[in-house]
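Below you'll find the structure, written out as structure tokens, and then a few comments.
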Amino acid sequence: MNSTAPVSGTPVPSAAVGQRGSDGRLGLSLMVALVVGSIIGSGIFGLPQNMASGAGAGAILIGWLVTGIGMLTLALLYQMMALRKPELNNGVYAYARALSGDYVGFNSAWGYWVSAWIGNVGYLVAAFSALGYFFPAFGEGNTTGAVVGASIVLWVVHALVLRGIQGAAVLNAVVTIAKVVPLLLFIILVALAFNMNTFTLAFWGDAKLGSVLDQVKSTMLVTVWVFIGIEGASVYSARARQRKDVGRATVLGFVITLALLMAVSLLSLGVLNQPTLAGLKNPSMAGVLEKAVGTWGAVLIYVALIISVGGGFLAWTLLAAESLFTPAGEGVMPKKLARQNPHGVPVNAMWLTSAMVQIFLIVTLYSKASYLALISLSTAMILLPYLFSAVYGVLLTARGEGAPGTVRPLDLPITLVATVYCVWLLYAAGPKYLLLSALLYAPGALVYLLARREQAQPAFRSFEWAIFAGMLALAVGAGYGLSVGKLAL
């Protein structure tokens, strides 16, 4: 087994993930499972409360309309670029690098990686909050028990993935099916209990929620959080059995998850009104189903959450390691991160990822940072990678570039809408989380400089110095805000 990553586009039989075919690569069904498994984690279980906390039913409907159109264009964008540029692997990183060079590509990969492991911390926090329903040792006020329990889960998953990505991906597919079934049961039961009068009561929210625009903005980070993972097939494009499956899996995964997410969010508003939903403890799906069918409904949701978070954690552990592995193999990150173990797993990338989850887990639980703050920060970190992908898509389609037979008339308007949507998300996120994300982006420059030194390359090109200076200035501003109490997680 080679100790470094293969060049872009080279087969990776030892590390491949497949449906146990002769080539050992990742087939369509496992690609779809990776997309659905990475999207459906903990977010959907808190969705009723998270959406209702800042918006009425009317604004939530508009929010879903905006998100549905925006995320559909992103899904179609990744599908289009997988076909037009089949030589570019690990799309979120590769498209940003093709757009503006190594440093922009590095930042896209770095932001995606940070988003992944912060999201995994959020998964663990949600899982042990759910376990506290059954075992008081993990409940509120028992921080040490939650830290110990979550740490054990973290390192068990770490050990599992180190034994081989293929087995981990198959397990992820099984868990994905197991967590979708209770979601379908929830939708059926809540639909039977749905009351139109409850749904339309204070349809546009009360005065304290602000204007409709403010309410719609409040839903944006939540809806993006529950859709993070739409690019999962693109990240694993180098391991796909057929290139066209990358786009198919992305669109199929989007359709499946959009239907589930909208049904859970909107049907809940017909069981409990907006103020009641906003006051529920998370996972708020438990409170909704308990109202509809009784206590056993809450138990079902807590069990489903634990299963779902386990699968989401596994999927994002795979994606986080892969987001470091490909750039390292191309010299954009330190070459040690491209080292694979005998099972074809990027072992150093895995160790670094798990170590960061462990550190942030301890900090989060002992500082009492909220789950909603974690998911908002994780979402803010991924907004720039999405924007880089969208802008590259615009340039690609405007120039008419692409493999023969892959150029379609609607590609340009689709990429333009995706770009506008990404800019809107940055606006909706607001300055707080953008400043906090700068604080996490800035240290990445040290890692980038190490890679440049290994490659005997100058630190930055001319325009990259400006990007670095701007990011550093924002990070200093965020650090100052934290120190004086004007900014907090």
Side-chain angles (χ1 to χ4, degrees), residues 29-52 57 60-61 63-72 74-75 119 122-123 126 130 172-194 199 219-233 248-272 277 280 282-289 292-293 297 300-316 375 379:
S29 62
L30 286 186
M31 294 277 277
V32 173
L34 186 62
V35 174
V36 176
S38 55
I39 294 176
I40 302 295
S42 61
I44 192 169
F45 293 91
L47 194 58
Q49 185 277 335
N50 294 163
M51 294 287 275
I60 290 173
L61 275 169
W64 277 120
L65 178 63
V66 173
T67 300
I69 293 172
M71 280 295 172
L72 175 60
L74 274 176
Y123 281 157
N172 172 68
V174 173
V175 174
T176 297
I177 294 170
K179 64 188 180 182
V180 167
V181 170
L183 293 177
L184 293 174
L185 181 59
F186 172 90
I187 290 168
I188 293 169
L189 294 173
V190 172
L192 293 173
F194 185 87
F199 182 79
T219 70
M220 286 297 102
L221 286 185
V222 176
T223 56
V224 175
W225 161 252
V226 296
F227 264 118
I228 290 179
I230 194 69
E231 69 297 320
R248 289 174 176 175
T250 301
V251 174
L252 283 171
F254 166 79
V255 171
I256 292 168
T257 52
L258 177 64
L260 292 171
L261 292 164
M262 288 189 66
V264 167
S265 171
L266 296 173
L267 290 174
S268 296
L269 287 161
V271 175
L272 295 171
L277 274 180
L280 287 180
N282 278 315
S284 51
M285 273 179 63
V288 174
L289 196 54
V293 300
L300 173 67
I301 295 304
Y302 277 107
V303 172
L305 171 60
I306 294 166
I307 295 172
S308 183
V309 166
F313 186 89
L314 177 60
W316 275 102
I375 67 173
T379 304

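Only a predicted model underlies this, so the values are computations on that prediction, with no experimental measurement involved. Heavy-atom basis, side chains included; hydrogens, waters and symmetry copies ignored.
Applying the side chain to side chain contact (heavy atoms under 4.5 Å, CB included) rule to A193 yields the partners V271, A292; only residues at least two apart in sequence or on another chain are considered. S265 is linked by a side-chain hydrogen bond (donor to acceptor under 3.5 Å, both in side chains) to W64, counting only residues two or more places apart in sequence or in another chain. Applying the side chain to side chain contact (heavy atoms under 4.5 Å, CB included) rule to L189 yields the partners L185, L289, V293, W296; only residues at least two apart in sequence or on another chain are considered. Residues satisfying the side-chain hydrogen bond (donor to acceptor under 3.5 Å, both in side chains) criterion with T379, sequence neighbours excluded, are absent altogether. Residues that satisfy the side-chain hydrogen bond (donor to acceptor under 3.5 Å, both in side chains) test with T257, not counting sequence neighbours, are absent from this structure. Applying the side chain to side chain contact (heavy atoms under 4.5 Å, CB included) criterion to L72, with sequence neighbours excluded, gives L76, F254.
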Residue pair V224, M71: steps toward the side-chain contact (heavy atoms from CB on, under 4.5 Å) verdict:
CA-CA 8 Å; V224 175; M71 280 295 172; 4.0 Å; yes
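Shown here for I301 and F45, the closest heavy-atom pair between the two residues is CG2-CD2, 3.8 Å. The nearest pair of heavy atoms linking L280 to Q49 is O-CG, 3.4 Å. The heavy-atom pair separating A286 from Y302 by the smallest distance is CB-CE1, 3.8 Å.
In summary, of the residues considered (V288, L267, L260, I44), a side-chain contact (heavy atoms from CB on, under 4.5 Å) with F186 occurs for V288 alone. Exactly one of L261, V32, V251 qualifies for a side-chain contact (heavy atoms from CB on, under 4.5 Å) with I256. That residue is V32.
If you take CD1 on I187 and CE on M262, they are separated by 11.5 Å, rounding to the nearest 0.5 Å. Remark: L47 CG to S268 OG distance equals 7.5 Å, nearest 0.5 Å. Residue L300 holds its CG atom at 11.0 Å from CG of L305, rounded to the nearest 0.5 Å. Considering CG of L269 and CD1 of I60, their distance stands at 4.5 Å, rounded to 0.5 Å. To the nearest 0.5 Å, atom CG of residue N50 and atom OG1 of residue T219 are 11.0 Å apart.
Between L277 and M51 the shortest side-chain heavy-atom distance does not fall below 4.5 Å. At least one side-chain heavy atom of V264 sits under 4.5 Å from a side-chain heavy atom of M285.
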